[in-house]
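For reference, the structure is listed below as structure tokens.
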Protein chains: 2
Amino acid sequence: MTVASKTVSDVIHSHFGLLTRAEKQLAESLLDNYPVSGLGSITTIAENAGVSTPTVVRMVQKLGFKGYPDFQAHLHLEVEATISNPIAKHDRWAQNAPGTHILNRFADAIMGNLRQTLTDLDTATFDSVASLLSNRKRGLYFVGGRITGALAEYFFTHMQVIRPATTLLSSNSSSWPQYVLNMNAGDILIIFDIRRYEQEMVSLATAARKRGAEIVVFTDQWGSPAAKLARHAFRVRIEAPSAWDSSVVTLFIVEALIEAVQNSTWDETKERMKTLEGLFEQTKLFRKPG
Amino acid sequence: MTVASKTVSDVIHSHFGLLTRAEKQLAESLLDNYPVSGLGSITTIAENAGVSTPTVVRMVQKLGFKGYPDFQAHLHLEVEATISNPIAKHDRWAQNAPGTHILNRFADAIMGNLRQTLTDLDTATFDSVASLLSNRKRGLYFVGGRITGALAEYFFTHMQVIRPATTLLSSNSSSWPQYVLNMNAGDILIIFDIRRYEQEMVSLATAARKRGAEIVVFTDQWGSPAAKLARHAFRVRIEAPSAWDSSVVTLFIVEALIEAVQNSTWDETKERMKTLEGLFEQTKLFRKPG
DNA sequence: CATTCCCTGAAAATTTCTTTTCATGACAGT
DNA sequence: ACTGTCATGAAAAGAAATTTTCAGGGAATG
């Protein structure tokens, strides 16, 4: 094979599937902090990756290099190309693409959203919500709109594993009254409502409040009307260089909450997850193999 | 002497007057294309400078380094500092919270994931996939697993607005054969498969391939087995300070793709969205006000 | 349960790199 | 011109890195 035109990183990726366990471990170590991680001697990088030097030799040969020195020479060329090219000085995220590539523009926007959201976010709110969701006596109800329904589902799927009494409301508002009927005082309704706010969300929130439920809202910086009825609201920045809004930061908050809840009830959660594993295994036995 | 705070370049400059003819020659060779020129072995840089290796040793010792390896280690650190660190690391993202707050730790992790993913990502792959998805003659099929199903749904919901012929497969694998039956050659199957890879995904991918479908896989850095059958695969970093993997960066790629597709077919999409608006309005009229 | 295959790292063998030694030659001062 | 000093690189010695060999071990297969 010819290695000339492709970067070492490319070569590693294109061969990744063919690598063995120790080799994958090494490859990851190399790609982590690439390409600087490959600057040292074969002994050094073997140690950093936790593999033996023969593994290094075998892998670089498998990748098509003559030997470690050859491999390193290619890396040096790349380092040189990266450093000596002033434009490449990381005003861009994705290499080998213009700074105006959609990936780079998106990355900039998401960074800004994340920073702004976290600046505005009150960590006390976050902690309070995490604590609310950790309380197993409270039932959880998740609901999202047309677009945000997927986020609600994502949140629900995780919480369902972590704790009992979690319910995902259908995106179809006609079925909501039945869910409200089942809500008890102290239950929590988690609403995702991003702009083009859905009118029905307010009705749902009002009805839930009447049943004594607490409301947590994920919305954008302008605020869903449902946020006014909420005990806690997360105002997330959603701007993207796109005709669509970005849910990346919202998902970020959701994942952080999942971890916070899981962490605060780990002992109980651990048991649940073990049991779940068992159930999955059983389910597999019921099925015919692929 | 301590070399810690000063760069190697500084040290060379400050000692330049004390250097002999051959050493000055070597020093200039090093400063030319600094610091990359010092990456190779002592033999290499001696040759490049046109001096002998003992001259190199004598000079670096004169500069205060223990020996050539010591000298080179310092250079490596400088190269690393120059290359990495594209965005200054925030000691804390969320104000008024300790740096160890889950939000801050999560933000660090996601930033690392995003950076790493974009470094590894081939923009040509991204563009190819965007182009594939933009082709309205190709039917689109989305499928995800237990956790990633929400991502598939999110992607699907957007693409459904942007273009016709999009289908979301149920997470339940028993219904997949019927979908495969409807696939035509050239159709595209978008698979989300993150670790704890689901065995059925490979079967699905194989079956789809037999029907002539192209496969695009979203997976993690270790790679779903289904990725081997794929025309294109996105390897996304998913590590988080959590018992769960993070889907944030995956969602990022999805959103960027949505925008890329939408952008490349804006004229057609615009019409569709207008029509859709109208349909939503109509639906509202059918309902009683909340 | 035996067998095969292949990954893996310890250790040896080999190559390369780094340092030291030392002879040569240039130059300055006498 | 003689002598001492010092820079310089060839070559040897020493150290480290790289590659190869090989045996143990684990997973897959029959």
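Here CG of D193(B) is found 10.0 Å from CG of L204(B). Values are rounded to the nearest 0.5 Å. Separation of atoms CD (E255(B)) and CD1 (I110(A)) is listed at 6.0 Å; rounding is to 0.5 Å. Taken to the nearest 0.5 Å, the CG atom of L114(B) stands 5.0 Å off from the CZ atom of F252(B).
Summarising the geometry, the separation between CE on M59(A) and P on dT18(D) is reported as 14 Å, rounded to the nearest angstrom. One interatomic measurement links the two molecules: CG of L26(B) to P of dG9(D), which rounds to 10 Å at whole-angstrom precision. Per the geometry, CD belonging to Q61(B) stands 15 Å off C1' belonging to dT8(D), to the nearest Å. For the pair Y68(A) OH and dT20(D) P, the interatomic distance rounds to 16 Å; values are reported in whole Å.
Ring planes of F218(B) and F192(B): parallel class, angle under 30° (limits at 30 and 60°).
For the segment residues 40-49 of chain B, no residue has any heavy atom less than 4.0 angstrom from an atom of DNA chain D.
Proximity of Q72(A) to the phosphate of dT16(C): no side-chain N or O atom is located under 4.0 Å from OP1 or OP2.
Partners of Y68(A) under the ring-ring contact (aromatic ring centres under 6.0 Å, His included) rule, at least two apart in sequence or in another chain, are F71(A).
Taking each heavy atom of V202(B) and A226(B) in turn, the nearest pair found is CG2-N, 4.0 Å.
D120(B) pairs with exactly one of R235(B), R115(B), R237(B) by the salt bridge (charged side-chain N to carboxylate O under 4.0 Å, His left out) rule, that one being R237(B).
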| request: Summarise protein proximity over nucleotides 4-13 of chain C in one line of letters, 5' to 3': B for base, S for sugar-phosphate only, - for none, counting protein heavy atoms closer than 4.0 Å. | output: ---SBBBB--
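Annotation: R209(B), atom CZ; neighbour count of heavy atoms from other residues, nucleotides and ligands within 6.0 Å does not exceed 12.
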